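None of the values given here were measured: they were computed from a predicted structure.
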Amino acid sequence: MREHTEVAVDREHGALRPFPRDRLAVAPVRAAEALLGAVLVRRFTDGAEVWARIVEVEAYAPDDPASHSYRGPTPRCQTMFGPPGVAYVYRSYGIHRCLNVSVGAEGEGAAVLVRAAAVLRGTAEVRRRRPHVRDDAALLRGPGNLTEGLDIGLTLDGHDLLADGALSLVVDGFAGEVERGPRVGVSQAADRPWRLVVSGAAAVSRYRRSPRAS
DNA sequence: GGAATGATGCAT
DNA sequence: TGCATCATTCCT
């Protein structure tokens, strides 16, 4: 892995540095805290770039009935067991795709689901993929919308987010208030407060409890 | 082989 | 609140 990303400096947001892998080699809720405020950089083959600040995440632990990894590694979720910093992308409801960051030690089935992000650069690129959206804040609101807006497909499953490439994670020194609450849409362990959002961020999705939750 | 189900989003 | 839509997983 290279030491620095090519997109090292931005006038408005200051110096960016690659996300440190050891900050993800921790318990999933702590990794989720670290990922809030980090910036996703999507690079397209034509050179276009989108930057988006993560404002909403959910933690999924090995000992967690709501986690895909709960029953051990399967072909779908094996990247959850990979090294921290690797993308876990899966298909949801046969329609959408969801982006996770594998966290914890290698061999441990933990991940952080990226649920929403605020576009910092490349709004037009995102809007091209979601033309019907009126409000800019809603462009990457919701896990399925985020992957659609950033054109994140299943081919990125297993991709290292901490190296230069089509999709990478960088840090820009964000510090702000965090709110916690129950995770969206899970029927198991529905009351664990493992959804973390940046307070007041306009791109945060609305909470909806699973109708199947006990 | 078959059936249940879901880390969703959008229209109603 | 209902439903589209299908891969994955588990059961028989």
Can you tell me the distance, in whole Å, between the [atom1] atom of [X] and the [atom2] atom of [N]?
X: A/Arg141; N: B/dC10; atom1: CZ; atom2: C1'; value: 14 Å
X: A/Gln188; N: B/dA4; atom1: CD; atom2: P; value: 18 Å
X: A/His96; N: B/dG9; atom1: NE2; atom2: C1'; value: 5 Å
X: A/Asp191; N: B/dA7; atom1: CG; atom2: P; value: 16 Å
X: A/Glu148; N: C/dT5; atom1: CD; atom2: P; value: 15 Å
X: A/Met80; N: C/dT8; atom1: CE; atom2: P; value: 15 Å
X: A/Arg115; N: B/dG9; atom1: CZ; atom2: C1'; value: 11 Å
X: A/Arg209; N: B/dG6; atom1: CZ; atom2: C1'; value: 16 Å

Taking only the side-chain nitrogens and oxygens of [X], find out if one of them lies under 4.0 Å from OP1 or OP2 of [N].
X: A/Arg71; N: C/dT8; value: no
X: A/Ser187; N: B/dG6; value: yes
X: A/His68; N: C/dT8; value: no

Any non-hydrogen side-chain atom of A/Arg21 less than 4.5 Å from a side-chain atom of A/Asp160?
yes
[X] side chain: which of [options] is closest?
X: A/Arg76; options: B/dT8, B/dC10, C/dT9; answer: C/dT9
X: A/Arg130; options: C/dT8, B/dC10, C/dA7; answer: B/dC10
X: A/Tyr93; options: C/dT9, B/dG6, B/dC10; answer: B/dG6
X: A/Arg212; options: B/dG6, C/dA7, B/dT8; answer: B/dG6

How is A/Asn145 classified with respect to the nucleic acid when contacts are heavy atoms under 4.0 Å: base, sugar-phosphate, or nothing?
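Counting heavy atoms under 4.0 Å across all strands, the contact made by A/Asn145 is with sugar-phosphate only.
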Quick check against the 3.5 Å criterion: does A/His159 have a side-chain atom that pairs as donor or acceptor with the backbone of A/Leu167?
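Checked: pair present.
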Donor-acceptor pair, side chain of A/Arg130 and main chain of A/Leu139, under 3.5 angstrom
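Answer holds: yes.
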Can A/Glu148 and A/Arg129 be counted as an ion pair, charged N to O under 4.0 angstrom?
no
Given the rule in the salt bridge (charged side-chain N to carboxylate O under 4.0 Å, His left out) test, do A/Glu125 and A/Arg128 qualify, once you have shown the distances and angles that lead to the verdict?
CA-CA 5 Å; A/Glu125 282 293 319; A/Arg128 191 170 306 154; 2.8 Å; yes
Is there a donor and acceptor pair closer than 3.5 Å between the side chain of A/Tyr90 and the base of B/dA7?
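Yes, a donor-acceptor pair under 3.5 Å.
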A/Arg208 (side chain) and C/dG2 (base): donor-acceptor pair under 3.5 Å:
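Indeed there is one.
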Under 3.5 Å for both donor-acceptor distances, Watson-Crick or wobble: does C/dT9 have a partner, and if so which one?
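Answer to the pairing question: B/dA3, which forms a Watson-Crick or G-U pair with C/dT9.
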Flag as yes if A/Tyr60 stacks onto the base of B/dA7 (centroids under 5.5 Å, planes under 30°), otherwise no.
yes
